[in-house]
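Comments concern the structure below.
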Amino acid sequence: MEFRFSDRIKDLTANAIREIFKLVAQPDIISFAGGLPANEGLPLKQVKEIADELLSSDKALKILQYGATEGYPPLLESGLEYIKRAGIYNQGFENIIAISGGQQGIDLMCKAFLNKGDCVLVEEPTYLAVLHILKTYEAVPIGVKSGDEGLDLADLEEKIKKHNPKMLYLVPTFSNPTGKTIEAGKRKAIAELCAKYKLVLLEDDPYCELRYDGERVPSIKSFDKEGYVLYNISFSKTISPGLRTALIVGHKDIIRKLTLGKQATDVHTSTLSQAIVDTYLRKGYMDPHLEKVIPLYKAKKDAMLAKIEEYFPSQIRYTKPEGGLFIWVELPSYINTKEIFIEAVQQKVAYVSGESFFPEGDVFNTLRLNFSNATLEQIDTGMKGLGDLLKNKIKE
Ligand SMILES: Cc1ncc(COP(=O)(O)O)c(C=O)c1O
């Protein structure tokens, strides 16, 4: 068959993670590949109770009807309260829209801002789905250097001047894929740079509540005096990814364009999901839930770090995140993690090889490990298998 697909989609390959999911679906594989919250951390009882309550209430028919593209008004109200945790105040209903997951926030921003060939700056490495989305808009991602001290501000400014980007995309808290966090001083400087160059920043912050050590850092948006920062906050990692509910907050003119873009995409986010998230927040379920899952994730993170020390060769470098779901490993430059992935799967363990997180896809000696979705026992067995493989490769 010959179909005349668009230029946007015809050369697009499946995102690496989706392919890996297929490979590691066998039950005997220990997967450190995904980015899923732990099943045992999903608040099933509360969501069930809330859904029952909502559908037995006088709001039921409203919830089952079409709603406004901007979102379910009670959630917009509780959302404006919720973002105060990130240091974001003085926002009104014209500054917020409910979206179908944080991923949709990235897509709608690209839809609103990007023409074919436009440049977008991303931290290097970055969330791989953003690279995938940029391809569908025929935009060009440019990596900004990021070392042990986080994002390199001099490189950021140089690339702003050189490439005249339309947008900057950052995951500043417990980044996917590295787990790194940009410190407060740099966040302020980033907000100031965006204002200086009139550059729009999409601050993607799905992991900020999953902090296991250290002190909370205010969002970049909290330093934004001019309105160039858009704040994307998802409930996927704190309540449930299946509810597909997130919020995006920022300048009213941008929110209006996102609303028009969303209207064309899916009319509005599921009102039932929005009402569940709203009630969850209003009943005060978030903090007790976080108090339950944080020790669970912290134990897994600490176990994975301890197993790296115990089983991995000494020639590697790795991040020690204070939160989030990922640890990032750098190997000697001659190791290709994409090539040895099949051998890892033969050892019954999976990871995501790092090249998919780089705009040029040209860095092959890194890998991402997820710790949230394996048991402590699986972490021990899987990390031993992976450590043995890496020791072998580094010896060879
Ligand atoms: C940085 C980042 N942004 C966005 C998402 C998408 O999350 P969702 O669409 O479920 O809110 C993820 C999920 O892994 C992520 O890591």
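Both ligands and their constituent atoms are indexed starting at 1 by order of listing. All residue numbers in this chain count up from 1 along the given sequence.
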Need the list: ligand 1 N/O atoms against protein N/O atoms, distance under 3.5 Å, rounded to one decimal.
residue, atom, partner, partner atom, Å
ligand 1, 3 (N), Asp204, OD2, 2.6
ligand 1, 9 (O), Gly102, N, 3.1
ligand 1, 9 (O), Gln103, N, 2.9
ligand 1, 9 (O), Arg244, NH2, 2.8
ligand 1, 10 (O), Ser236, OG, 2.6
ligand 1, 10 (O), Arg244, NH1, 2.8
ligand 1, 11 (O), Gly102, N, 2.6
ligand 1, 11 (O), Ser234, OG, 2.6
ligand 1, 11 (O), Ser236, OG, 3.1
ligand 1, 14 (O), Tyr207, OH, 3.3
ligand 1, 14 (O), Lys237, NZ, 2.9
ligand 1, 16 (O), Asn176, ND2, 2.8
ligand 1, 16 (O), Tyr207, OH, 2.5

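Using the six-membered ring where Trp is involved, Trp328 and Phe358 have ring planes that are tilted, between 30° and 60° apart.
In this structure, Leu199 shares a hydrophobic cluster with Leu121, Val140, Ile142, Val144, Leu151, Leu153, Leu156, Ile160, Leu168, Leu170, Ile182, Ile190, Leu193, Tyr197, Leu201, Ile220, Val229, the cluster being traced through Ile, Leu, Val, Met, Phe, Trp and Tyr side chains under 4.5 angstrom apart.
A donor and an acceptor atom, one from each side chain of Asp204 and Tyr169, are located under 3.5 Å apart. For Tyr318 and Glu309, the side-chain atoms include at least one donor-acceptor pair closer than 3.5 Å.
Within the model, atoms CD1 of Ile133 and NZ of Lys111 stand 12.0 Å from one another, a figure rounded to the nearest 0.5 Å.
The neighbour count for Lys48 NZ, taken as heavy atoms of other residues, nucleotides or ligands under 6.0 Å away, does not exceed 12.
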